[in-house]
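Structure first, then comments.
To find a chain, count down the sequence lines: A is the first, B the second, and so on, and within it residues start at 1. This structure is a prediction, so every number in the text was calculated from the model and none was measured.
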There are 2 protein chains.
Amino acid sequence: MPVNDPLTSDAARIARAISHPVRLQILDELRDGGAYVMHLTSALGRPQANISQHLMVLREAGLVRASREGMTVLYQVSDPQVLTVVDALLALAEKRMRQRERVAEATLEPGRGGRRRHRGKCRCPRCRQQ
Amino acid sequence: MPVNDPLTSDAARIARAISHPVRLQILDELRDGGAYVMHLTSALGRPQANISQHLMVLREAGLVRASREGMTVLYQVSDPQVLTVVDALLALAEKRMRQRERVAEATLEPGRGGRRRHRGKCRCPRCRQQ
DNA sequence: TAACTTTATTCCAAAAGTTGAATACATTAT
DNA sequence: ATAATGTATTCAACTTTTGGAATAAAGTTA
């Protein structure tokens with residue numbers, strides 16, 4: 001593997017694009033069928049411009065694609081394997097967290113086990129219809 | 001998932017640590033049993049100080065651990081799951097590369113298929129003994 | 001001890017990433 | 001056309017990352 005292996009470089013580019021909490025959460029939200037920008041904005045509780053900026057990073061890395069639907073835009077993961085990477089990252093992080101908890105078993109409250117969802121009311125085409 | 005989910009944040013930290021071509025190659029070199037710094041230096045063809053700096057990043061992210069053996073230092077992946085992440089990244093990158101090649105099927109030479117190894121002669125405890 | 005080998009750290013300047021604010025752009029409704 | 005809604009881009013400040021050079025530190029050998 002040469003120093004400037006195109007494979008390694010691209011893999012690093014992918015990792016770099018993923019390597020931000022907001023972008024990681026965005027990808028996570030895109031799991032089933034993608035999500036609308038307004039949904040991401042309310043789900044992550046961040047300013048719309050910021051979400052859009054992060055979406056641009058993901059777009060330029062080729063991890064997501066956008067498709068306009070009238071006034072709204074649907075973002076989808078460009079390849080399911082992207083989520084495989086995300087899953088591997090989350091699995092490792094989860095494992096590490098469990099290990100750290102085991103170390104600091106200083107009788108802290110059990111804490112929520114699962115993963116929470118959403119934070120604000122969303123009116124995107126998908127959330128509205130129900 | 002809250003905006004500052006510790007899980008997501010840690011997963012992003014992991015991705016960030018991996019998101020550099022040199023560090024990705026380092027992790028790849030650590031596959032079977034780890035590697036010595038001098039080996040990494042010659043295998044990746046980069047100045048020793050730079051390799052050491054990248055190793056520090058990986059160490060601080062908790063992805064590798066170092067163990068001194070006399071004058072040399074052996075680095076090992078701290079958890080096999082780290083390589084699972086690396087594999088997922090490389091697999092996705094490889095897939096994307098194949099797709100791009102399919103698009104640009106302009107009769108370029110087939111090119112090497114496998115992954116090459118090394119570049120300089122290494123005298124680390126592992127390479128020397130044979 | 002001195003010389004040598006291997007690895008780690010510090011310093012620093014250049015490059016890249018991040019964010020809020022403002023604004024532009026696209027689409028639909030009035 | 002104007003207004004309203006949803007999304008994208010630009011700009012400026014700020015923080016972080018990166019890598020070369022020099023040097024320190026740890027361990028070995030003579």
Side-chain angles (χ1 to χ4, degrees), chain A residues 3-4 9 12-26 29-30 34-61 64-76 120-128, chain B residues 3-4 9 12-26 29-30 34-61 64-76 120-128:
Chain A
V3 163
N4 269 355
S9 295
R13 245 190 308 278
I14 294 169
R16 172 82 63 177
I18 298 182
S19 73
H20 188 288
V22 169
R23 293 197 289 270
L24 202 41
Q25 286 174 240
I26 286 177
E29 286 284 338
L30 298 190
Y36 295 89
V37 176
M38 61 190 308
H39 175 88
L40 296 170
T41 297
S42 87
L44 304 192
R46 315 221 31 137
Q48 176 270 320
N50 189 249
I51 292 290
S52 219
Q53 287 162 341
H54 284 297
L55 284 172
M56 170 158 30
V57 174
L58 292 172
R59 240 185 299 127
E60 286 175 343
V64 304
R65 58 175 148 52
S67 50
R68 190 169 266 282
E69 293 185 4
M71 216 159 28
T72 72
V73 174
L74 177 67
Y75 273 84
Q76 291 173 290
K121 38 270 150 250
C122 181
R123 293 175 303 139
C124 83
R126 209 161 272 166
C127 292
R128 192 177 32 208
Chain B
V3 165
N4 270 354
S9 296
R13 244 188 308 279
I14 295 168
R16 171 83 67 185
I18 299 182
S19 74
H20 188 288
V22 169
R23 294 196 289 270
L24 202 41
Q25 287 173 241
I26 287 178
E29 286 284 339
L30 298 189
Y36 295 88
V37 176
M38 62 190 306
H39 175 89
L40 297 171
T41 297
S42 87
L44 304 192
R46 315 223 25 130
Q48 177 270 320
N50 188 247
I51 292 290
S52 219
Q53 287 163 342
H54 284 298
L55 284 171
M56 171 160 26
V57 174
L58 291 172
R59 239 186 299 128
E60 285 175 345
V64 305
R65 60 173 145 54
S67 50
R68 188 170 268 282
E69 293 185 2
M71 218 161 23
T72 71
V73 175
L74 177 67
Y75 273 84
Q76 292 173 289
K121 38 274 152 246
C122 181
R123 293 176 303 138
C124 83
R126 209 160 272 167
C127 292
R128 191 178 31 206

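Extent of DNA chain C lying under 4.0 Å from chain B heavy atoms, first and last nucleotide in 5' to 3' order, is dT5(C) to dT18(C).
dG6(D) atom P lies 17 Å from atom CZ of R126(A), rounded to whole Å.
Nearest heavy atom pair, residue L40(A) against residue A35(A), reads CD2-CB, 4.0 Å. Residues R126(B) and Y36(B) share a closest heavy-atom pair of N-CE1, 4.2 Å. Smallest separation of non-hydrogen atoms from C122(B) and S42(B): CB-OG, 3.3 Å. Heavy-atom minimum distance, A12(B) versus P21(A): CB-N, 3.5 Å.
Residues satisfying the side chain to side chain donor-acceptor pair (under 3.5 Å) test with R65(A), not counting sequence neighbours, are Q76(A). Scanning for salt bridge (Lys or Arg N to Asp or Glu O under 4.0 Å) contacts around R16(B) gives an empty result, with sequence neighbours left out. Residues meeting the side-chain contact (heavy atoms from CB on, under 4.5 Å) test with H54(B), sequence neighbours left out: H20(B), V22(B), R23(B), I26(B), N50(B). Contacts of V37(B) classified as side-chain contact (heavy atoms from CB on, under 4.5 Å), with partners at least two apart in sequence or in another chain: T41(B), I51(B), L55(B), V73(B), Y75(B). Among residues two or more places apart in sequence or in another chain, the side-chain contact (heavy atoms from CB on, under 4.5 Å) test is passed with M56(A) by R59(A), E60(A).
In this structure, the separation between CD on Q25(A) and OG on S9(B) is 7.0 Å, given to the nearest 0.5 Å. Rounded to the nearest 0.5 angstrom, S19(A) OG and I14(B) CD1 are separated by 11.5 Å.
Across all strands, S52(A) comes closer than 4.0 Å to base atoms (heavy-atom distances).
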At under 4.0 Å between heavy atoms, how does the protein contact nucleotides 25-30 of chain D? Give one character per nucleotide, 5' to 3', with B, S or -. -SBS--
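In the helix from dT1(C)-dA30(D) to dT30(C)-dA1(D), the rotation axis of the first five pairs and that of the last five pairs differ in direction by 10°, rounded to 10 degrees.
Formation of a donor-acceptor pair under 3.5 Å by the R123(B) side chain with backbone atoms of M38(B) is not found in this model.
A 4.5 Å side-chain heavy-atom check between H39(B) and T72(B) finds every atom pair outside the cut-off.
Applying the 4.0 Å criterion to OP1 and OP2 of dT5(D), one finds that R123(A) has every side-chain N and O outside that range.
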Is there any protein nitrogen or oxygen under 3.5 Å from a nitrogen or oxygen in nucleotides 18-22 of chain D, and what are the pairs?
unit_1  : atom_1 : unit_2 : atom_2 : d
dT18(D) : OP1    : R16(A) : NH2    : 2.7
dT18(D) : OP1    : R23(B) : NH2    : 3.3
dT18(D) : OP2    : R23(B) : NH1    : 3.2
dT18(D) : OP2    : R23(B) : NH2    : 3.3
dG19(D) : OP1    : H20(B) : NE2    : 3.4
dG19(D) : OP2    : H20(B) : NE2    : 3.4
dG19(D) : OP2    : H54(B) : NE2    : 2.8
dG19(D) : N7     : Q53(B) : OE1    : 3.4
dG20(D) : O6     : Q53(B) : NE2    : 2.8

